[in-house]
*Asks:* 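Dumping the structure here so I can ask a few things about it.
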Amino acid sequence: MIITKTSLYSSLLKDCIIQSFLKLTPAHQIRNPVMFCVYIGSLMTSALFIQAMLGQGETGARFIFSIAFWLWFTLIFANFAEAMAEARGKAQAASLRKARRETVAKRLGNVDRNEKYTLVKSAELRVGNLVLIEKDDYIPCDGEVVEGIASVNESAITGESAPVIRECGGDRSAVTGGTRVISDWIIVKITANPGETFLDHMISLVEGAKRQKTPNEIALNILLAMLTLIFLLVCTTLLPYSMYSVHAMGSGQIVTVTVLVALFVCLAPTTIGGLISAIGIAGMDRMIQRNVVALSGKAIEAAGDVNVLLLDKTGTITLGNRQATEFVPIGDITVNDLADAAQLSSLADETAEGRSIVILAKEKYGIRGRDIEALDAKFVPFSAQTRMSGVRLKNKEIFKGAPDAIEDYIREKGGQIPSFVQEFVDRIARQGATPLLITEGTKILGVIRLKDIVKGGIRERFAELRRMGIKTLMITGDNPLTAAAIAAEAGVDDFLAEATPEDKLNLIRNLQAEGRLVAMAGDGTNDAPALAQADVAVAMNTGTQIAKEAGNMVDLDSNPTKLIEIVEIGKQLLMTRGTITTFSIANDLAKYFAIIPAAFSDTYPALNRLNIMGLATPQSAILSAIIFNALIIICLIPLALFGVKYRHVTALKLLRTNILLYGMGGIIVPFLGIKLVDLILQEIGWV
Amino acid sequence: MSGNEILQLVIYLAVLFCLVKPLGSYIATIYEGRSNFMVRVLGPLERWTYKICHIRSEQEMNWKEYAISMLLFNLMGFIAVYLIQRLQGILPLNPQHFPAVNPDLAFNTATSFIANTNWQAYGGENTLSYFTQMAALTVQNFLSAATGISILMALIRGIRRCETTALGNFWVDIVRGILYLFLPLSILLSLLLVSQGVIQNFKPYQSVSLIQAEQYQDPQLDETGQQMKDAKGDLIFRTKTLIEQQIPMGPAASQVAIKQLGTNGGGFFNVNSAHPFENPTPLSNFFEMLAILLMPAALCYTYGVMVRKNRQGWAILVTMSIILIPLICTTFIAEKQTNPAIEKIAQDIILPDGGNMEGKETRFGILNSSIWATATTATGNGSVNAMLDSFLPVGGLIPLWLMDLAEVIFGGVGSGLYQMIIFILITVFVSGLMVGRTPEYMGKKIEAFEMKMAAVAIFVMPLTVLLCTAIAVLSSAGLSALANPGAHGFSEILYAFSSMTNNNGSAFAGLNSNISFYTTLGGFAILIGRYWIAIAILAIAGSLAGKKTIPASSGTLPTDSITFGFVLIGVILIMGALIFFPAFALGPIVEQFMLAGHL
C-alpha cells in the first residue's frame with residue numbers, strides 16, 4: 001500500500017513538473033497579468049545574459065544569469081502550484097472516466113419486466129428509452145426508476161462503498177450512469193443522452209476545463225494588476241532618477257536594467273499572482289473531496305457570503321424518520337390494548353413510522369409480531385385520499401392517521417368524537433411531536449406520539465453559524481405548534497411551518513429583496529423552483545433530475561447538513577486569497593531594504609545605512625531577494641492547496657488574527673528569509 | 001518638547017476637535033436640505049439664484065450628468081480665470097499697471113485655481129492686479145472648494161441610497177455650499193483677521209523711506225541685458241544705495257480667509273502666510289492654522305451623520321489624527337535640531353538654542369511653523385508660514401510624504417475624504433477577503449467595477465508624479481530651473497509635482513517654476529490629479545447607489561472598529577511608502593544621511 005502510494009506520488013510529481021515547464025508558453029502566461037510581467041522580465045534578462053556572453057553586457061554575465069535563472073524559476077514554481085492543484089482533479093477525472101464505460105443495455109418497449117428486451121450499446125440510448133437493469137448490471141445512462149427497487153453501488157461517483165437503495169416514486173428515484181446494481185432489478189427511463197450525463201459533466205468540471213474566473217477573483221485581479229502597474233512605473237522611473245543622481249554626484253554607475261527587472265519582480269505581487277489560480281482550483285477541489293460537485297466557481301464564492309440557511313426539517317435538523325415514542329390511551333382503554341391495536345394496524349406498514357410503532361409495541365409492551373396472513377387480515381395502505389392506513393379484520397377495522405383524517409372518517413361512519421380528544425392532540429403537538437389517532441370502528445382508542453428526533457450536535461452547529469453571522473431557518477410541512485417546539489429544541493433562529501413550494505419560493509425572494517444571500521438544500525421536484533431562486537442551491541444526488549438541474553451544486557452524499565461545510569469552504573477560499581495577498585504585499589518592505597541600498601549605494605554611499613539586514617554585497621542582496629521571492633511561492637503551495645483554517649469567530653476576531661499572522665508575519669519573514677539566503681550564498685561562494 | 005509647546009499643540013487640537021461636531025452637523029443640514037439659521041435668513045437668495053440661472057433644483061442627476069455638470073462648471077471657471085489674467089492690462093483695479101500675464105503662466109494659474117490646488121508659479125504682488133486677485137482667484141477659491149464638497153456629497157448619497165441612480169443636483173450642491181457654508185465662515189474669519197491687522201484695501205503700493213539707507217552691489221548690464229564683464233572676464237558691479245521701499249497693498253483679508261477655509265492655500269502675497277500683511281500676529285496665525293484643518297475635520301463628522309452612522313465619521317477622523325499628530329511631532333522634533341552643516345562650520349560661534357530657524361518667522365517659532373507645515377500638506381491647503389526648502393531633510397520629507405499619501409489625511413475639502421473612502425474600499429476589499437466574505441462597505445458589496453475605479457483613482461496620482469519627475473530630471477528645461485544640485489534638487493522637483501498632482505499647492509521653493517516647462521507640464525498634472533480621480537469617484541458613487549444594502553451581521557466586518565482603523569492606517573502608509581520609497585531614498589532620505597555625516 002505504502003509503495004503504491006509513493007509511486008503514485010512520484011508519478012504525480014513527475015507529471016506536475018513536466019506541466020510546470022509546458023505552461024511556460026506565452027498563451028498560457030498571458031492569462032495572468034502579474035505573471036506575464038514576470039515572463040517579460042525573464043525574457044529581458046535572458047536576452048541581457050546573451051548580450052553579456054557576447055561581451056557587451058551591462059554587468060557581469062554570471063550575475064545576469066543568476067537573476068534570469070531565478071526569474072524563470074519564479075514562473076516555474078507558480079506553474080507548479082497550478083499543476084499541483086489541477087493534478088488532484090485530473091486523478092479524479094481519470095477514475096470517473098473509468099466508470100463511464102461502454103456497456104450493453106437491455107432495452108424494453110414497455111414498463112414490463114417479463115417482456116423480451118433487446119440488447120443495445122449504451123451509446124445508442126436516447127432520452128425516454130426504457131432499460132431493464134438487473135443484478136450486476138451497470139446503469140448505462142442517467143435515468144429515473146419507473147419500476148422496481150434495487151440496491152446500487154455508487155462508489156464510482158461518491159467513493160462511498162455502502163450500497164444505496166433506488167426505487168420508483170418519491171425522491172430516491174434517480175440513478176446515475178456508471179453505477180452498478182448489486183441486488184434485485186429496476187426498470188429505468190433514460191433522462192440524459194450519452195455525453196450529457198452527470199458523469200460527463202462532472203469529468204469536465206473536475207478537470208477544470210470549464211473553469212472561469214469568479215467575480216471576486218476578477219476584482220482581486222484588478223487590484224493586483226493595479227499594483228503591478230504601479231511597481232512597473234516605480235521601477236521604470238528609477239532609471240531616469242538614477243541617471244540624474246549619477247550625473248549630479250559625478251560618481252557611480254547608472255542602475256542596470258537587470259537590477260530594475262529584479263526589483264520589479266520582487267515588488268510585484270508575484271506570490272499571490274503565482275498562486276491565485278491554484279487557490280481557485282483547490283477550492284473547487286476541496287468541494288469535490290467532500291463529495292460536493294459545484295457546477296460553478298461562482299457558487300462556491302457565494303457560499304462564503306451566505307447570510308441565511310434554509311434547512312428542511314426532515315433529514316437535516318431531525319433524523320429522517322419520525323418514531324413512535326409513546327401510546328396515550330383515551331377513556332377506558334388500557335395502554336396494552338392500545339399498543340396491541342396499534343401494532344396490528346402497523347404490521348404490514350412498511351413506512352418507517354409504521355415500523356417504529358411495531359418496535360415500540362414489542363420493546364415496551366412485549367407484544368410480539370404476528371403473521372398478518374394467519375390473522376386473515378387485509379392491510380389498507382396509506383393513500384393520499386384517505387390519509388390513513390390500517391387493517392381490516394373479519395370483525396373489526398383498525399385505522400391510524402392524522403387527527404383530522406380520523407375525525408373525518410368517524411363522522412362519515414356516524415360516530416361521535418369525544419371533546420377531550422382535541423386536548424390530547426394539542427398537548428402532543430405542543431411538545432413538538434406529531435399525534436396519530438388510532439380508532440377501532442368509530443371508537444377512538446388513543447393517540448400515538450410520533451417524535452421527531454433532533455440530530456445530535458446540531459444545536460452546537462447552529463450556534464457556530466450564528467457566531468459566523470448566519471441565520472438558520474427551518475422549513476417544515478408541520479403545523480406551527482410542532483414546528484415551534486422543534487425549532488426551539490434544535491436552536492434554529494426561525495421557522496416556516498406548513499410550507500408549500502410557493503411559500504418557500506416567496507420566502508427566498510423576500511430574503512433576497514432584503515439583500516440577503518440564501519442557501520438551501522433540496523431533493524424533490526417540488527423544491528426545484530426554490531432551488532433555482534436560491535443563491536447557493538445544493539441538490540441531493542438522490543434527488544430528482546429536475547432538482548439537480550435547478551441547483552448549482554450537487555451533494556453526492558445527499559447529506560443536507562453539508563450546507564454548513566459548503567459555507568466554510570466558500571469562506572476558506574476567499575480567506576486564502578486575502579491572506580496571501582496581504583502577505584505578498586507586506587513582503588515588499590523588506591525587499592526595498594535589500595535592493596534600494598544595493599542598487600544606489602555606489603552613487604550615494606550614504607544609502608548603505610538602509611542596508612539594515614547587513615547583506616554582504618549589492619549583488620548578493622539583489623539575488624537573495626529574488627531567490628526568496630521565488631522560494632516563498634513553493635513554501636506557500638500547501639497553504640494555497642489546503643486553505644487557511646476557518647474558525648467560527650466573529651469577522652473582527654478573524655481579521656485581527658489574520659492581520660497579525662499574515663500581515664505582520666509578511667513584514668517580518670522576508671527580513672529573516674533574505675538574510676538567510678544571503679548567508680547561504682556567501683557560504684557556497686556564489687557571489 | 002517643552003511644557004509650553006505641548007500646551008500650544010494641545011490647545012490647538014482641542015479647539016479644532018471641539019468645533020468638529022457643531023460645524024459637521026451644520027454642514028449635514030445644508031446638504032440634506034434641512035433648515036437651519038442660515039437657510040432661513042438666506043433662503044430667498046438661494047431660490048432667486050435658481051430662478052435666474054434656470055436651475056431645476058428638484059431634479060436629481062445620475063452620476064454621468066453630475067460629472068458632466070461638474071466638469072462644465074469648472075471649465076467655465078478655467079476660461080474666466082484665464083481671460084481675466086490675459087486681459088489684466090485693460091481691466092480696472094490695477095493701480096500698479098501690471099501687464100497681461102503670459103499664456104503659459106495664465107494656463108498654469110487657471111488650472112491651479114479651478115482645481116483647488118493654488119500652486120503659484122508667480123508672485124502675487126508683482127504679477128496680478130487687485131481685480132485678477134479678487135474676481136478670478138478669490139472667486140475660484142470658493143468655487144473649487146464647493147466643487148470638492150459636492151463630489152463628496154454625491155459619493156455619500158451613493159453610499160446611503162440604494163437601488164437608485166439619483167445622486168443629487170450638482171448646481172444645488174454648489175449654490176448651497178457657497179451660500180450657507182463658505183460665505184458666512186469666510187466673512188467671519190476675514191473680520192477676525194482684519195482685527196489682527198491683515199490688510200483689506202485698494203490703495204496703490206506705498207513708498208516708504210527706509211530708516212537706514214541700504215547699499216548693495218548690482219551687476220551692470222549692457223543694452224542687450226547681458227551682464228557686462230571687464231578685461232579680466234570678471235563681472236562689473238555697481239554700488240547702489242537704497243533709500244526707499246515699495247510696500248504692496250490690496251484686498252488681502254478676503255482672500256486669506258477662504259484660502260485657509262477652502263484648503264486652497266494660494267497666498268495674496270508671494271511669501272503667503274509668512275507675510276506680515278497676511279498673517280501678522282500669533283493669534284492670526286492660530287486662526288489660520290485652525291482654518292486649515294477645520295473643514296476637512298468637520299466633514300468627517302458630516303459623513304457620519306449623513307450615512308446615519310456617526311461612529312463611522314468619528315472612526316475616520318480618529319484614523320486621520322493617528323497619522324497626523326505623530327507626524328506633527330516628528331516635524332517639530334526634526335526642526336528643533338540644529339542644522340549639522342552649520343554646527344560643523346560654526347563651532348566657535350554661540351548658536352541660538354532655537355534649532356533650525358532658517359526660513360521661519362520669529363513671531364511663529366518652530367512649533368507653529370511645524371504644525372502649519374504638517375497640517376498644510378496633510379490637507380490640500382498648501383499655504384505656508386515658513387519656507388519648506390529651509391527645513392531639514394526629515395522636516396521636508398514629512399510634508400512631501402503626506403502629499404504623496406494621496407492627500408487622504410484630512411486632505412482637501414471634500415477631496416480628502418472622498419479619496420480616503422477609496423482607501424477604505426481597498427482596505428475593506430483586502431480585509432473582507434481575509435475574513436472570508438465578499439467585501440462590503442456600509443452594506444454595499446464591493447465588486448469588480450468599484451475595484452476598477454478605485455484602481456484608476458489610486459493609480460493616476462503616482463503615475464503623474466513619478467512620470468513628470470522623470471521627464472523633468474531628463475530634460476535640460478527641467479534641470480535649468482534648479483537652484484540646488486544633487487539630492488536636494490531632486491527633492492525640489494519631486495515636491496513640485498507631488499504638490500501639483502495632489503492639488504496641494506505648497507511650494508518647496510528653490511525651484512524656479514515660472515518657466516513654460518513647469519507651468520505647462522504642471523498644469524496638466526493638476527488637471528489629471530483633480531478631475532481623473534473625481535470622475536472615478538462619481539462612477540463609484542453611481543455604482544454604489546444602484547446596489548442593494550445588505551443588513552449587517554456578526555459575519556460583517558465592522559468598519560468603525562479599532563482593528564479596522566489600524567488595518568486602514570497600515571494600507572495607507574504601506575501603499576504610500578511602497579510607491580514612493582525609491583524616489584524618497586534618492587531625495588530627502590539620502591540627503592538626511594549625508595547631512596548627518598554618514599558618508
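Reminder, nothing fancy here: chain letters follow the sequence lines and each chain counts from 1. The figures here come from the full heavy-atom set of this structure, side chains too, leaving out hydrogens, waters and symmetry mates.
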*Asks:* With the threshold set at 4.0 Å, does a side-chain nitrogen-carboxylate oxygen contact exist between B/Lys547 and B/Glu450?
*Replies:*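 Salt bridge flag = yes for B/Glu450 with B/Lys547.
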
*Asks:* Look at B/Leu557, B/Leu466, B/Ile458 and state which one has the largest set of heavy-atom pairs under 4.5 Å with chain A.
*Replies:*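 Going by pairs under 4.5 Å, I would pick B/Leu466.
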
*Asks:* Counting heavy-atom pairs closer than 4.5 Å to chain B, which one of A/Arg656, A/Lys571, A/Lys471 comes out on top?
*Replies:*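 The answer is A/Lys571.
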
*Asks:* Is a side-chain N or O of B/Thr501 found less than 3.5 angstrom from the main chain of B/Gly529, in a donor-acceptor match?
*Replies:*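 Checked: no pair found.
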
*Asks:* Does any heavy atom of chain A fall under 4.5 Å from the side chain of B/Ile579, the backbone, both, or neither of them?
*Replies:*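 Both parts, backbone and side chain.
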
*Asks:* At a 4.5 Å cut-off on heavy atoms, which part of B/Lys445 comes close to chain A: side chain, backbone, both, or neither?
*Replies:*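 For B/Lys445, the side chain is the part near chain A, not the backbone.
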
*Asks:* B/Ile446 versus chain A, heavy atoms under 4.5 Å apart: side chain, backbone, both or neither?
*Replies:*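 No part of B/Ile446 comes within 4.5 Å of chain A.
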
*Asks:* Indicate the atoms forming the closest heavy-atom contact of A/Asp588 with A/Cys266, along with that distance.
*Replies:*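 Closest pair (atom of A/Asp588, atom of A/Cys266, distance): OD1-O, 3.3 Å.
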
*Asks:* Heavy atoms only: give me the nearest B/Leu433-A/Gly578 pair and the separation to one decimal.
*Replies:*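 Looking at all heavy atoms of both residues, the closest pair is CB-CA, 3.5 Å.
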
*Asks:* Identify which part of A/Ala599 has an atom lying under 4.5 Å from any heavy atom of chain B, answering side chain, backbone, both or neither.
*Replies:*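 When you check distances to chain B, no heavy atom of A/Ala599 falls under 4.5 Å.
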
*Asks:* Chain A heavy atoms under 4.5 Å from B/Ile562: which part of the residue, side chain, backbone, both or neither?
*Replies:*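 For B/Ile562, no heavy atom lies under 4.5 Å from chain A.
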
*Asks:* Using atom types as modelled and distance alone, determine if a side-chain donor or acceptor of A/Ser601 lies under 3.5 Å from a backbone N or O of A/Asn608.
*Replies:*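 Answer holds: no.
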
*Asks:* Out of A/Ala248, A/Ala586, A/Ala651, return the one with the most heavy atom pairs under 4.5 angstrom to chain B.
*Replies:*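 Heavy-atom pair counts peak at A/Ala651.
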
*Asks:* So for B/Thr469, is it side chain, backbone, both, or neither that comes closer than 4.5 Å to the heavy atoms of chain A?
*Replies:*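 Both parts, backbone and side chain.
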
*Asks:* Are any of the side-chain nitrogens in A/Glu217 or A/Arg577 under 4.0 Å away from the carboxylate oxygens of its partner?
*Replies:*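 Yes, charged N to carboxylate O under 4.0 Å.
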
*Asks:* Heavy-atom pairs under 4.5 Å with chain B - which of A/Thr237, A/Asn658, A/Leu654, A/Asp305 has more of them than the others?
*Replies:*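 That would be A/Asp305.
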
*Asks:* Do A/Asn216 and B/Thr438 pass the side chain to side chain donor-acceptor pair (under 3.5 Å) test, and can you show the C-alpha distance, the side-chain angles, and the key distance before you say yes or no?
*Replies:* CA-CA 7 Å; A/Asn216 184 269; B/Thr438 302; 4.6 Å; no

*Asks:* If you tally heavy-atom pairs under 4.5 Å against chain A, which of B/Ile550, B/Val473, B/Ile426 wins?
*Replies:*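 Of the candidates given, the most pairs with chain A belong to B/Val473.
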
*Asks:* Considering only heavy atoms, which portion of A/Tyr662 lies under 4.5 Å from any heavy atom of chain B: side chain, backbone, both, or neither?
*Replies:*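 Neither part, no heavy atoms under 4.5 Å.
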
*Asks:* How are the rings of B/Tyr495 and B/Phe508 set to each other: parallel, tilted or perpendicular (split at 30° and 60°)?
*Replies:*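 The arrangement is parallel - the two ring planes meet at less than 30°.
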
*Asks:* Heavy-atom cut-off 4.5 Å, strictly under: side chain, backbone, both or neither for B/Pro551 against chain A?
*Replies:*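 Both backbone and side chain of B/Pro551 come within 4.5 Å of chain A.
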
*Asks:* Donor-acceptor pair, distance only, cut-off 3.5 Å: does the side chain of A/Ser584 make one with the backbone of A/Thr581?
*Replies:*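 Not at all, since once roles are kept as given, no pair shorter than 3.5 Å links the two residues.
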
*Asks:* Below 4.5 Å from any heavy atom of chain A, which atoms of B/Ala487 appear? Answer side chain, backbone, both or neither.
*Replies:*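 Its backbone and side chain both get close to chain A.
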
*Asks:* Has the side chain of B/Tyr518 got a donor or acceptor atom that lies under 3.5 Å from a matching backbone atom of B/Gly478?
*Replies:*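 At least one qualifying donor-acceptor pair exists.
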
*Asks:* Between A/Asp535 and A/Val518 (side chain of the first, backbone of the second, donor and acceptor by atom type, cut-off under 3.5 Å), is there such a pair?
*Replies:*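 Present.
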
*Asks:* By a 4.5 Å heavy-atom criterion (distance strictly below it), what part of B/Leu586 contacts chain A: side chain, backbone, both, or neither?
*Replies:*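 Contact with chain A involves both backbone and side-chain atoms of B/Leu586.
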
*Asks:* Heavy-atom pairs under 4.5 Å with chain B: which of A/Gln572, A/Met249, A/Arg467 has the most?
*Replies:*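 Heavy-atom pair counts peak at A/Arg467.
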
*Asks:* Is it the backbone or the side chain of A/Ile596 that comes under 4.5 Å from a heavy atom of chain B, or both, or neither?
*Replies:*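 Contact with chain B is through the side chain of A/Ile596 alone.
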
*Asks:* Does any heavy atom of chain A fall under 4.5 Å from the side chain of B/Ile471, the backbone, both, or neither of them?
*Replies:*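 Neither part, no heavy atoms under 4.5 Å.
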
*Asks:* If you count heavy-atom pairs under 4.5 Å between each of A/Ile218, A/Leu517, A/Leu238 and chain B, which one has the most?
*Replies:*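 Between A/Ile218, A/Leu517, A/Leu238, the count favours A/Leu238.
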
*Asks:* Find the one option among B/Glu440, B/Glu447, B/Glu163, B/Lys548 whose heavy-atom pairs under 4.5 Å with chain A are most numerous.
*Replies:*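 Going by pairs under 4.5 Å, I would pick B/Lys548.
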
*Asks:* Select, from B/Val456, B/Leu463, B/Thr556, the one with the greatest count of heavy-atom pairs under 4.5 Å involving chain A.
*Replies:*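 Most heavy-atom pairs under 4.5 Å with chain A: B/Leu463.
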
*Asks:* Can you find a heavy atom in the side chain of B/Thr319 that is under 4.5 Å from one in the side chain of B/Met420?
*Replies:*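 Side-chain contact under 4.5 Å: yes.
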
*Asks:* So which heavy atom on A/Val265 is nearest to which on A/Asn629, and how close?
*Replies:*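 The pair with the smallest heavy-atom distance is O-ND2, 3.4 Å.
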
*Asks:* Could you tell me whether B/Lys309 and B/Asp560 have a side-chain N and a carboxylate O separated by less than 4.0 Å?
*Replies:*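 Salt bridge: no.
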
*Asks:* Among B/Thr563, B/Val567, B/Ile589, B/Leu578, which has the most heavy-atom pairs under 4.5 Å with chain A?
*Replies:*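 That would be B/Leu578.
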
*Asks:* Between A/Ile580, A/Leu267, A/Thr582, who has the most heavy-atom pairs with chain B when the cutoff is under 4.5 Å?
*Replies:*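 Of A/Ile580, A/Leu267, A/Thr582, A/Thr582 has the most heavy-atom pairs under 4.5 Å with chain B.
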
*Asks:* For A/Leu573, is it the side chain, the backbone, both, or neither that has a heavy atom closer than 4.5 Å to a heavy atom of chain B?
*Replies:*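 Contact with chain B involves no heavy atom of A/Leu573 at all.
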
*Asks:* Checking A/Thr579 against chain B: side chain, backbone, both or neither under 4.5 Å from a heavy atom?
*Replies:*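 For A/Thr579, the contact with chain B is made by backbone and side chain together.
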
*Asks:* Counting only heavy atoms closer than 4.5 Å, note whether A/Ile585 contacts chain B via side chain, backbone, both or neither.
*Replies:*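 The answer is both parts of A/Ile585.
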
*Asks:* Below 4.5 Å from any heavy atom of chain B, which atoms of A/Asn307 appear? Answer side chain, backbone, both or neither.
*Replies:*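 A/Asn307 touches chain B through side-chain heavy atoms alone.
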
*Asks:* Quick check on A/Leu227 against chain B: is it the side chain, the backbone, both or neither that has a heavy atom closer than 4.5 Å?
*Replies:*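 For A/Leu227, the side chain is the part near chain B, not the backbone.
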
*Asks:* For B/Phe429, is it the side chain, the backbone, both or neither that has a heavy atom under 4.5 Å from a heavy atom of chain A?
*Replies:*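 Contact with chain A is through the side chain of B/Phe429 alone.
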
*Asks:* Give the minimum heavy-atom separation between A/Leu563 and A/Ala519, together with the two atoms involved.
*Replies:*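 Between these two residues, the closest heavy atoms are CD2-CB, 4.0 Å.
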
*Asks:* Kindly give the heavy-atom pair with the smallest separation between A/Ile222 and B/Lys452, and that separation in Å.
*Replies:*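 So the minimum-distance heavy-atom pair works out to CG2-CA, 3.6 Å.
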
*Asks:* Can you name the closest pair of heavy atoms from B/Val590 and A/Ala606 and give their distance?
*Replies:*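 For B/Val590 versus A/Ala606, the nearest heavy atoms are CG2-CB, 4.2 Å.
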
